[in-house]
Number of protein chains: 2
Amino acid sequence: MNVTIKDVAKRANVAPSTVSRVIADSPRISEKTKRKVREAMKELGYHPNFIARSLASQTSQVIGIVMPSSADQALQHPFFPEVIRGISKAAHEKKYALQMSTGEKEDEIYEEVIEMLQGRRVDGVILLYSRVNDKLMKYLQQNNFPFVVIGKPHQRAEQITHVDNDNYGIGKEATQYLIGLGHERIAFVGGNETYLVTADRLLGYKEALQEAGLVYRKDYIIYEEFLQKANQEGMRKLLSLGEPPTALVVVDDLMALDVLKLLDEMNLRVPDDISLVSFNNTLLAEMSRPPLTSVDIHIFQLGYEAAKNLIEKIAKPNEPVKRIIIPHKLVKRFSCDYVRK
Amino acid sequence: MNVTIKDVAKRANVAPSTVSRVIADSPRISEKTKRKVREAMKELGYHPNFIARSLASQTSQVIGIVMPSSADQALQHPFFPEVIRGISKAAHEKKYALQMSTGEKEDEIYEEVIEMLQGRRVDGVILLYSRVNDKLMKYLQQNNFPFVVIGKPHQRAEQITHVDNDNYGIGKEATQYLIGLGHERIAFVGGNETYLVTADRLLGYKEALQEAGLVYRKDYIIYEEFLQKANQEGMRKLLSLGEPPTALVVVDDLMALDVLKLLDEMNLRVPDDISLVSFNNTLLAEMSRPPLTSVDIHIFQLGYEAAKNLIEKIAKPNEPVKRIIIPHKLVKRFSCDYVRK
DNA sequence: AAGAAGGAAAGAATCGTTTAGGTTCTTTCC
DNA sequence: GGAAAGAACCTAAACGATTCTTTCCTTCTT
């Protein structure tokens with residue numbers, strides 16, 4: 001079997017409890033003993049058993065990452081690897097390990113996360129999404145498990161620590177930018193309606209139109225389901241309206257690429273015939289042709305802050321709830337131009 | 001405190017061991033008792049403690065994912081989320097959880113993984129890379145920890161279970177495709193030289209040239225460091241040779257996008273002035289303009305098979321070593337054309 | 001020189017399971 | 001009718017730490 005704390009204790013002629021204290025570098029142990037014990041550990045090639053430690057100390061030093069329905073699908077979207085990068089960075093700094101949800105359907109994930117937490121596998125979780133009426137979020141709150149959400153919680157946002165962008169402001173600025181270029185017929189291409197990002201950005205979009213005295217037209221709003229390429233109905237209809245839009249606000253880069261492709265097929269040139277601003281500013285925005293004007297939401301930082309705050313919350317469960325807003329920045333590239341009348 | 005197996009036992013008027021057996025659905029317990037115990041579990045809202053279970057049973061039902069130096073950097077590359085998707089799928093099917101390395105430097109990762117395994121946090125690991133003379137791989141093998149590598153191990157490949165593509169064949173086919181289009185001056189743009197993928201694909205490239213009776217020129221081979229945009233020296237030099245290549249074999253999509261960008265800056269049109277075939281066929285290949293001809297290596301499946309085989313290996317440590325080759329497929333798009341003389 | 005004070009380490013309980021090895025009670029069979 | 005067999009549970013010892021409590025030495029004080 002493996003080398004345990006007892007073996008080390010025997011070798012160093014001390015009690016197991018002493019070895020444990022040496023590992024924790026307790027001031028109650030003399031330097032001399034510490035040296036002796038450390039030497040024994042080296043000689044035996046001792047490695048602490050995390051599992052046993054977790055059981056005794058009731059903490060696992062692991063944080064859970066919960067992706068929206070289907071880890072499987074989510075990872076196809078560049079947003080997720082990027083948030084995870086941020087989370088990973090913070091976790092690493094604080095010596096926490098990372099565990100990922102693997103569930104595919106919403107209910108599966110719900111069960112999975114509960115097992116993770118109740119089973120003490122993780123000390124807390126980060127939800128990488130925020131959706132209307134989320135069952136899991138309610139459960140976490142009721143059972144007082146440490147968690148933070150990336151995005152704005154649907155209900156009781158003031159009671160839930162979350163890291164978000166000012167999506168309202170983001171939607172507004174992007175739209176204002178297009179208005180500034182003379183566009184008056186601006187459409188909004190959103191993703192899944194039940195996610196709060198979409199809703200907030202739409203709100204900002206509306207506000208920008210209103211302030212500029214432009215009409216808000218329902219037929220200028222469409223929702224394309226995330227990653228479903230077959231679903232181009234809406235876009236085609238939009239572009240063949242009597243008065244088609246001269247500019248598009250597209251809810252994220254990945255979708256913007258889809259849109260770009262479709263426009264190409266329809267022989268519409270960007271930005272000559274139609275302008276396009278998107279969000280997230282992932283690598284895709286830079287790589288696409290033409291490079292996209294996109295609002296950078298600092299995805300990495302979203303993840304970083306989320307993890308940092310979760311870890312703080314785990315350490316001090318009774319600290320006040322926090323709301324962290326990550327700044328954003330419009331990055332101008334080549335997908336927007338002045339309107340051609 | 002939480003509901004434990006003892007509480008359930010008391011409630012159901014049985015011994016803790018009986019409850020444990022009910023959880024495991026042991027045939028040694030009568031249906032009647034099982035029903036009684038299950039009811040008690042429901043009533044009390046019992047959830048098993050994984051940590052305690054792991055300690056007692058000496059298995060964690062978790063598999064570790066090890067990314068190459070810097071989880072941080074790796075996740076910027078679309079290959080990784082995609083393998084992880086595959087791993088996640090298989091893990092989910094077998095009820096394994098997933099833990100990720102967060103280390104940044106090679107030594108850190110080395111330590112981290114050892115702690116993971118020795119600390120019994122994971123039952124085995126998947127290495128998402130294969131590099132020349134990898135310290136970690138040696139350690140794993142010597143200590144007989146269950147692991148599988150994605151890619152071809154540098155040494156003793158026949159003793160290590162691994163999942164790979166036929167990178168030699170892939171390099172060869174891609175090159176042959178270009179030769180078939182009449183190209184005679186074909187350059188190879190590789191990534192990090194210490195990764196074995198690069199080496200193998202290069203070998204295939206050479207072989208294809210040779211079979212076609214074309215000369216292999218050293219100045220047609222360059223290595224651009226992964227994700228380092230500043231590093232364009234090599235490419236620029238290559239393109240300003242007396243006899244510049246008419247086609248490029250680029251080692252992956254992400255790099256191909258960089259190359260594409262550079263070509264654009266230099267006013268070279270793809271595929272009119274220069275053809276380009278790349279590898280991996282990630283979303284990027286499809287999304288880029290022009291869409292890239294790329295060899296699909298079925299990344300998802302690489303991950304899926306790796307996880308599946310690791311789990312088998314954990315269950316039966318003495319099964320023979322396996323080598324799994326995932327098939328590939330050249331996907332023709334619009335980045336290649338007949339050579340113009 | 002006796003007793004107090006305090007530092008260093010040992011002892012032992014605990015965390016929540018699993019599992020080998022008993023024990024008890026019923027059934028079966030000659 | 002009594003031994004043997006078998007079903008159905010129970011007891012108790014791990015698993016490898018942490019941590020509260022106790023004990024054992026020193027050293028200092030008066």
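In what follows, chains carry the letters A, B, and so on, assigned in the order in which the sequence lines appear, proteins first and then strands, with residues in each chain numbered from 1.
When rounded to the nearest whole Å, the span between NZ of Lys6(A) and P of dA10(C) equals 15 Å. As a whole-Å value, the separation of Gln58(B) CD from dG16(C) P is 19 Å. Rounded to whole Å, atom P of dC9(D) lies 20 Å from atom NZ of Lys10(B). Taking atom CZ on Arg21(B) and atom P on dA20(C), their separation rounds to 8 Å, with Å as the unit. Residue Tyr46(B) contributes atom OH, which lies 8 Å from atom C1' of dG16(C) at whole-angstrom precision. Atom CD1 in Ile5(A) sits about 15 Å away from atom P in dA9(C), given to the nearest Å. Protein atom CD of Glu31(B) is 11 Å distant from nucleotide atom P of dC9(D), rounded to whole Å. Straight-line distance from the CD1 atom of Ile29(A) to the P atom of dA10(C): 8 Å, rounded to whole Å.
In this model, no side-chain donor or acceptor of Arg53(B) finds a partner on the base of dT19(C) within 3.5 Å.
Side-chain atoms of Tyr304(B) and Glu93(B) form a donor-acceptor pair, as typed in the model, at a separation below 3.5 Å. For the 3.5 Å distance criterion, the side chains of Asp123(B) and Ser60(B) qualify, holding a donor opposite an acceptor.
Of the two residues contacting DNA chain C, namely Arg28(B) and Ile51(B), the nearest-nucleotide position lying further toward the 5' end is that of Ile51(B). Comparing Lys34(B) and Ala52(A) against DNA chain D, the residue whose closest nucleotide sits nearer the 5' end is Lys34(B).
As judged by a 4.0 angstrom heavy-atom cut-off over every strand, Val14(B) is placed among residues touching the sugar-phosphate backbone only. The residue Ser54(B) sits apart from the nucleic acid: no heavy atom pair falls under 4.0 Å. Here Asp7(A) lies out of heavy-atom contact (under 4.0 Å) with every strand.
The only option from Glu104(A), Glu112(A), Glu108(A) that meets the side chain to side chain donor-acceptor pair (under 3.5 Å) definition with His92(B) turns out to be Glu108(A).
Of the side-chain N and O atoms in Ser20(A), one or more sit less than 4.0 angstrom from OP1 or OP2 of dT18(D). For the OP1/OP2 pair of dT17(C) and a distance below 4.0 Å, the side-chain nitrogens and oxygens of Ser17(B) include no atom meeting the criterion. Note on Ser57(B): every side-chain N or O is 4.0 Å or more away from OP1 and OP2 of dT17(C). The side chain of Ser30(B) places an N or O atom within less than 4.0 Å of a non-bridging phosphate oxygen (OP1 or OP2) of dC9(D).
For Tyr46(B), the ring pair (Phe, Tyr, Trp, His ring centres under 6.0 Å) test picks out no residue, with sequence neighbours left out.
Between Tyr195(A) and Tyr129(A), the ring planes are perpendicular. Angles over 60° get that label, and only those under 30° would be called parallel.
Candidate nucleotides dA17(D), dA8(D), dA9(C) were compared by shortest atom distance to the side chain of Pro48(A), and dA17(D) ranks first.
Nucleotide dC30(C) is matched to dG1(D) when pairs are restricted to Watson-Crick or G-U wobble geometry with both distances under 3.5 angstrom.
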